[in-house]
2 protein chains.
Amino acid sequence: MLAVTILGNNSAVPAHGRHPTSQVVQTGSHHFLVDCGEGTQMQLSAFKMRPIRISHIFISHLHGDHYFGLIGLLTSMGLNQRTTELHVFAPPALREIIQLQLQAAFTELPYPVVFVELEGSTRLFEDNQATVDSFPVKHRIACWGFIFREKKNPRKIDPVRASAANIPINYYPKLQAGGDYIAPGGGLIENDKLTTEGEKGKSYAFCADTIYYPEIVDSIKEVDLLYHEATFLHVEQEKASARFHTTALEAGMVAKAAGVKKLLIGHFSAKYNDLEPLACEAKTNFENTECAIEGACYLV
Amino acid sequence: MLAVTILGNNSAVPAHGRHPTSQVVQTGSHHFLVDCGEGTQMQLSAFKMRPIRISHIFISHLHGDHYFGLIGLLTSMGLNQRTTELHVFAPPALREIIQLQLQAAFTELPYPVVFVELEGSTRLFEDNQATVDSFPVKHRIACWGFIFREKKNPRKIDPVRASAANIPINYYPKLQAGGDYIAPGGGLIENDKLTTEGEKGKSYAFCADTIYYPEIVDSIKEVDLLYHEATFLHVEQEKASARFHTTALEAGMVAKAAGVKKLLIGHFSAKYNDLEPLACEAKTNFENTECAIEGACYLV
């Protein structure tokens, strides 16, 4: 299972009690932080999430509403005596921005920070539980989306057949991993006689800030949950496009074209107090749409 | 009259819903911002204060809890189409930190920012309403306090005497400014026969982050309102001093030695949820003490 908690759902200028972009993506034992707008550390605290659990931070681009909270979060992690390594994936210039601010305070963080520069479409992370990949979107400055994929679950053992074949329990992990059974006498039972396909791992795509950009459809094809910005209603399409943003209507088009299961829209302009019209508009193209709400945890 | 609104009263790590340091000092037509911790723009909005009215920002030192909110505030001012000049008084390194972040976003602010580097004890601002002066305090890195002084109010005209002497109303401003009256026939009435001393202008001293440092007493002598940090209770004196902070007991000692009218304590450690014991402790040395509370406006 994947879980996405929204810490900030607003665009550049905070308004209506809404904060700039940040999300926590949980899968397996991982807590990934995606973007880190101003106030992220307060939002983590408000929603009872512990910064110490975050091991990897992904910064989509260097507009301030996506990273101005990072230096405060890093500093507070240090003041709270963090010692475990932290990985930060971000556009190249971020490293110098952080270092300059640490130097100005004569601060050395008590934990290692590993900066990784974003570039093209790249596998950023992989372990036995999940992968994270980047893909470029189209914004006023270099900007990336991220796809989080759980690894496929292990094969399911058919208990009736396994028991009928007298397979010892300590052999089960091999079967779950896809291996055949070789009996003590040398007889072989093929794996697919004893197991069925494991459940497909879930997937989540975060598309950051982007103009309506159908080229991303290939990257996000059939994900279980798609987060797409919908900064404006379509009546503001001209403004949206001039600022390299997407309208709610267009976000629905992207979700439909990519054949995703569910669409979450966010990065709302400060001009909208009521968000419902944005969801309604997206739904005209893609019914299973929700507005990303701060503090809500979306399970995939 | 001076008014001080507290936007953040906590020390380095935000906690208990409290924010890092920031205050608005209002006098005459001025809105001065003092320090700008992370989240200051949201706090301004929460307390219905308009950033456009801020003309001068004073940053005491480059620990993040005193300035990490500045870049977000400057950026939002730009997105909100500010065109009027903004003056920022700060330690030298801040200019580069801000410029680097603007460059990374290819952002040019639509209003001029005038950076002024802090150095020693300096008159930072003066007009016909008020003055602002800096003075060094003693912290782990270079750090300054600021004193805001209203100019003395004009002399008060005695209406009975002025009327008895048949002084025309258009002459009143001259009398208020201290001039004598010269009648059309050439007769002279000295100013102090017609007016009394104007009320003394109010004063406010913000002492930023500092170890207990009696040397500042000369700078803040007899101010009407003193804001002094009281990060810890005195039982933590050793820790306070190792971190170049002051205890509540010591803050009271400073207020007493300086003969100020009122003491406001702040910059509370995240370890204290209940702030009352800090005020109680300061009061053992200086009775007229209050804890600075976020959102409260202290009138002087």
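Computed over heavy atoms, backbone and side chain alike; hydrogens, waters and symmetry mates excluded.
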* Asked: Stepwise, does the side chain to side chain contact (heavy atoms under 4.5 Å, CB included) test hold for Gln101(B) with Gln101(A)?
  -> CA-CA 11 Å; Gln101(B) 293 182 84; Gln101(A) 293 182 85; 4.0 Å; yes
* Asked: Contact part of Ser45(B) toward chain A, heavy-atom cut-off under 4.5 Å: side chain, backbone, both or neither?
  -> neither
* To do: Using non-hydrogen atoms and a 4.5 Å limit, figure out which bit of Thr40(B) sits close to chain A: side chain, backbone, both or neither.
  => backbone
* **Structural part of Pro91(A) lying under 4.5 Å from a heavy atom of chain B** => neither
* Side chain, backbone, both or neither: which part of His61(A) has a heavy atom under 4.5 Å from chain B? -> neither
* Going by heavy atoms in the side chains, are Glu38(A) and Met42(B) under 4.5 Å from each other? -> yes
* Asked: For chain A, which residues from residues 63-73 of chain B have at least one heavy atom closer than 4.5 Å to it?
  -> His63(B), Tyr67(B), Phe68(B), Gly69(B), Ile71(B), Gly72(B)
* To do: Return the set of residues passing ring pair (Phe, Tyr, Trp, His ring centres under 6.0 Å) with Tyr227(B) (not counting sequence neighbours), or none when no residue passes.
  =>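 Expected list: Phe206(B).
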* To do: Sort out for me which of Ile97(B), Asn80(B), Leu79(B) touches chain A most, counting heavy-atom pairs under 4.5 Å.
  =>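 The candidate making the most pairs under 4.5 Å is Ile97(B).
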* Asked: To the nearest 0.5 Å, what is the distance between CG (Leu94(B)) and CG (Leu100(A))?
  ->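 Those atoms lie 9.5 Å apart.
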* To do: First locate atom CD of Gln103(A), then atom CD of Glu96(B), and finally report the distance between them rounded to the nearest 0.5 Å.
  =>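 Reported to 0.5 Å precision, the distance equals 8.5 Å.
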* Report, as yes or no, whether the 6.0 Å neighbourhood of atom CD on Glu119(B) holds more than 12 heavy atoms from other residues, nucleotides or ligands. =>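 Result for CD/Glu119(B): open.
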* Relative to chain B, which of Ala142(A), Pro14(A), Gly39(A) shows the most heavy atom pairs under 4.5 Å? ->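 If we count pairs closer than 4.5 Å to chain B, Pro14(A) comes out on top.
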* Closest heavy-atom contact between Ala105(B) and Ile141(A)? ->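 Heavy atoms only, the tightest pair is O-CG2, 3.9 Å.
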